[in-house]
Each structure stands twice: as C-alpha cells, then as structure tokens.
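This is the structure I have questions about; it appears just below.
Whatever order the structure lists them in is the order used to number ligands and atoms, beginning at 1.
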Amino acid sequence: MQAFQTSFSKHPFELGCATSSFQIEGAADSDGKVPSIWDSFCQQPGRIKDASDGRTACEHVLRYREDVALMAELGFRHYRFSISWPRVMDAQNRPNAAGLDFYKRLLDELAQHDITPNATLFHWDLPDHLPGGWLNRDTAYRFADYAQLIAKELGDRLPRVATLNEPWCSAYLGYDRAVFAPGGRNRSDALVAAHHLMLAHGLAIKAWRAVNPSTSLGIVLNPELCDAASASPEDEAAARMAEIERNDCFFSPLVGRDWPAPLLQQIKGAEAIRQPGDLGICAQPLDFIGLNYYTRSIATAPKTAEDAERGYTFVPPIGQAYPLTDIGWEIYPEGLSRVVERLKSQWSLPPIWITENGVADNTGLSEGSCDDRMRCDYLRSHLAQVQQLRQQGHDIRGYYVWSLLDNFEWAHGYTQRFGIVHVDYATQRRVPKASALLLQSLMRTASATN
Ligand code: FCB
C-alpha cells in the first residue's frame with residue numbers, strides 16, 4: 001500500500017492511536033484514586049504472567065504532556081483513551097475532583113496539540129468497592145451515575161464517547177474463564193454480568209443524553225469471526241455457537257432483541273435478572289459502533305466437559321497457513337473485512353470505527369531503534385482491508401492502532417508489547433518504532449492528498 005486514501009466518502013477519515021487507563025496510567029493510589037478490580041486481581045498470586053501490576057505502568061499520569069507531544073509529533077490528530085472510573089469517583093461514589101482534574105489537564109493538552117479525543121468510559125477497571133461487581137444489578141445504575149458525572153464535567157469537550165470496551169471480555173473472561181478480574185468461574189455468572197453490562201450501557205447513554213444530547217455516543221465490541229475447523233455439521237454448529245456467545249450476546253440487546261435460545265438456556269434465574277423493560281433500555285439509538293479486530297478463531301465441536309457447556313472448543317489454526325504473532329494470534333487480515341461483512345448481513349449497524357487493531361511484536365531496541373517489521377506488515381495489510389471496505393462503500397470512518405505505547409497487557413503483564421512506541425519500563429523512555437514512523441508517513445501522504 002502506498003498512500004492511505006481518505007477520500008472515498010464524504011466523511012473525513014480518522015487515523016488515530018488508542019490506549020486505556022489501567023494499561024498506561026500508573027498512579028494507582030494518587031490523588032484519591034480508589035482500587036479497581038484489576039488492582040486487586042494483580043495482587044493475587046498466579047493471576048498475572050510476570051506477577052506485575054498497574055501501579056506504575058507507563059507513568060502516563062505523570063508523563064501525559066510528553067505522551068501527547070509525542071502523538072502530535074507522529075502526526076496523530078485523533079486519540080482514543082479511557083477514563084478510569086475509580087480515579088474520578090471515591091468509595092462513596094462521590095466525585096473526586098483531583099482525579100477529574102487529571103482528565104481536564106489531559107484534554108487541555110490534547111486541544112493545544114489539535115488532537116481530537118475519543119473517550120471510552122469503561123475499559124475494565126471497575127471500582128473494587130462496588131459489591132458484587134457486574135453480578136449486581138446496582139452496578140449498572142452506579143455506572144449511569146458515573147456517565148452522568150463525566151457528561152457534566154467533561155461532556156462539552158468530548159465529541160465522541162463509547163460506554164463500554166469489549167463487554168464480552170468483562171463478562172466471560174472475568175466471570176467464566178477466570179482469566180480477567182475478578183477471576184470468576186461460572187458460566188451463568190458470565191451471562192448475568194453480560195446482561196448487567198448491556199443494561200449499564202443503555203442507562204449510561206440515557207443519562208449522558210439527558211445532560212448533553214449532542215455528543216456522538218456508541219459502544220466498542222470485539223466481534224469474533226469463528227471459522228469451523230472442518231465442514232462437519234458438528235464443527236459448523238460449534239462455530240455458530242461461539243459466534244452466538246461472542247457476538248449475538250451483545251448485538252441483540254443493542255437492537256432490543258432477546259438472546260438466542262442457547263444463551264437463555266445457560267443463565268440461571270433469567271426471569272429475575274432480565275427484568276421487564278430491560279431490553280428497551282439496552283437498545284438506545286447509537287451514533288456509532290466501535291469494532292476491535294485482531295484475529296479470527298477456529299472452532300470444533302466441544303472437546304472437554306467444560307466446553308460441552310459452552311458448545312465449542314477453539315483450536316489452533318490448522319496447517320499454519322498464516323503466521324502467528326508473538327502472543328500466538330494468527331495474522332489474518334481478510335478477517336477484518338469478513339467480520340464487517342458478516343455483521344452487516346446480520347444487523348443494521350450505525351457508522352463504524354475500527355477502534356482497535358494491532359499486534360504483539362516483541363522486537364526490542366537495537367542501537368537505539370526498533371525495527372518492528374511484523375507490526376509494519378500487519379498494519380499495512382489491515383489498513384489495506386479498511387481501505388478496500390471503504391472503497392466498496394462501507395461506512396467506516398476511522399481506524400485506531402492499538403497501541404500508542406507498550407503497556408500492561410492484562411493477564412500477560414508486561415510480557416507482550418503492542419505499542420508503536422517502545423517503552424523502557426526501567427527508565428520510562430519512549431522510542432518510536434519503525435511502525436510509528438510508517439504511520440507518520442501514511443498520515444503525511446494522506447493529509448497531502450486530501
Ligand atoms: C483488546 C483490549 C486492549 C488490549 C488489546 C491487545 O482486547 O481492548 O486493552 O489488551 O486487546
């Protein structure tokens with residue numbers, strides 16, 4: 001791909017970079033910030049691969065000026081970040097002025113550098129003091145209070161806001177697979193959490209619009225593209241079941257539709273949890289949808305007793321036709337187009353932003369620079385897919401690379417590097433990698449040709 005053309009539609013195309021609060025901010029207990037479920041989870045032995053935590057991370061709360069200047073230097077005009085709920089509200093659910101002040105200063109800095117913010121309200125760092133977390137319906141109402149606070153305090157400076165990032169991960173990795181905070185292992189709980197998350201989304205949109213009706217509001221999902229391992233009816237059914245869990249579970253409430261029967265069968269006490277009127281709350285009109293895409297999955301009929309309950313087992317890519325990244329995910333650029341096309345055939349979607357796409361490429365520094373070729377190739381091939389989709393008339397308005405900085409990669413700790421900027425965690429020195437320079441040159445050509 002030579003230049004990235006931005007002129008296929010009447011809407012300006014955004015090329016941006018993304019981060020999230022817990023993964024970069026550090027300052028875990030500064031200025032009245034209260035613990036999140038991730039702060040607690042990291043303290044539990046064996047949860048994080050390198051036994052690390054988010055206490056320091058990239059010290060972004062201290063170094064945000066440097067980070068914004070770096071973004072500007074690289075040519076970014078769009079930045080997606082998340083607000084840390086436990087930084088801006090205290091343990092009594094009252095506003096924390098010092099925490100809010102950090103985001104006000106960050107927004108000032110972005111404005112000074114002509115970078116448009118794209119904020120997410122919840123990227124997994126749930127306040128730890130909320131009893132029961134997402135298993136408690138009350139958490140959805142507390143989330144609406146938090147959304148309303150941000151709408152009042154920062155709303156006039158945030159043109160675009162997403163409620164949740166990847167609720168599948170919060171629900172299933174957090175409550176069924178014990179991979180994410182809070183580390184639960186119960187299938188029905190994951191569905192309870194999923195329902196409360198989608199309810200929280202709907203309540204938050206309503207609460208925000210009551211304060212600031214002009215903000216563009218949406219949600220960020222990570223739809224899965226599941227291919228069957230073989231053409232057998234069992235494997236095909238398994239792939240469909242995986243998509244029901246990962247996609248329909250979140251897309252159907254957005255349109256006010258009940259979950260498909262296989263999901264409803266997995267939740268215990270559904271009547272008490274899914275109360276009358278809930279679906280109407282979930283289905284608020286959306287101004288946009290954010291899609292995160294990294295790879296696809298391959299499903300077979302369930303191979304273990306636990307998977308029998310789920311209805312599928314994921315298996316490694318067959319024949320290694322496509323290379324794997326350092327975290328072991330298959331590089332499958334066509335999946336980006338296929339997932340957009342598949343979703344559009346199933347649901348009526350508002351304008352789309354690709355809110356995350358990126359790669360774990362752990363190439364280190366050598367003589368002061370980082371030649372992350374795998375990432376450069378990955379970004380080129382995935383941007384080419386976006387370009388092609390836009391050429392075909394799909395309303396895709398932006399692409400955000402994950403991530404600006406190497407950062408805390410959840411259960412993998414600091415062992416996986418997703419940044420286009422290398423971070424030396426001992427010194428906090430930032431060095432743009434070859435991929436950052438590639439994007440810089442694409443953005444230069446794009447602005448020169450438009
Ligand atoms: C996504 C998360 C993001 C990051 C990338 C690699 O699922 O939203 O925080 O961890 O994966």
(Q) Salt bridge check, R77 against E14: does any charged N sit closer than 4.0 Å to a carboxylate O? (A)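 Looking at E14 and R77, the cut-off is not met.
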Fill in: Short N-O contact, K433 and D361, less than 4.0 angstrom
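Salt bridge: no.
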* Does a salt bridge link R342 with E243, judged by any charged N lying under 4.0 Å from a carboxylate O? ->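 A salt bridge links R342 with E243.
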Note to self: Just to verify, which of W410, W168, F41 counts as forming a ring pair (Phe, Tyr, Trp, His ring centres under 6.0 Å) with W124?
What the structure shows: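 Exactly one pass, corresponding to W410.
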For the residue pair R296 and Y332, would you count it as a cation-pi contact if the rule is NZ or CZ under 6.0 angstrom from the ring centre and within 45 degrees of the ring axis?
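Yes, R296 and Y332 form such a contact.
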List of N/O pairs, ligand 1 versus protein, all under 3.5 Å?
| residue | atom | partner | partner atom | Å |
| --- | --- | --- | --- | --- |
| ligand 1 | 7 (O) | E166 | OE1 | 2.6 |
| ligand 1 | 7 (O) | E166 | OE2 | 3.0 |
| ligand 1 | 8 (O) | H123 | NE2 | 3.3 |
| ligand 1 | 8 (O) | N165 | ND2 | 3.0 |
| ligand 1 | 8 (O) | E166 | OE2 | 3.4 |
| ligand 1 | 8 (O) | E356 | OE1 | 3.0 |
| ligand 1 | 8 (O) | E356 | OE2 | 3.1 |
| ligand 1 | 9 (O) | Q23 | OE1 | 2.7 |
| ligand 1 | 9 (O) | H123 | NE2 | 2.8 |
| ligand 1 | 9 (O) | W410 | NE1 | 3.1 |
| ligand 1 | 10 (O) | Q23 | NE2 | 3.4 |
| ligand 1 | 10 (O) | E409 | OE1 | 2.8 |
| ligand 1 | 10 (O) | E409 | OE2 | 3.1 |
| ligand 1 | 10 (O) | W410 | NE1 | 3.0 |

### Message
With a 4.0 Å cut-off on N to O distance, would you call R373 and D377 a salt bridge?
### Response
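Salt bridge flag = no for D377 with R373.
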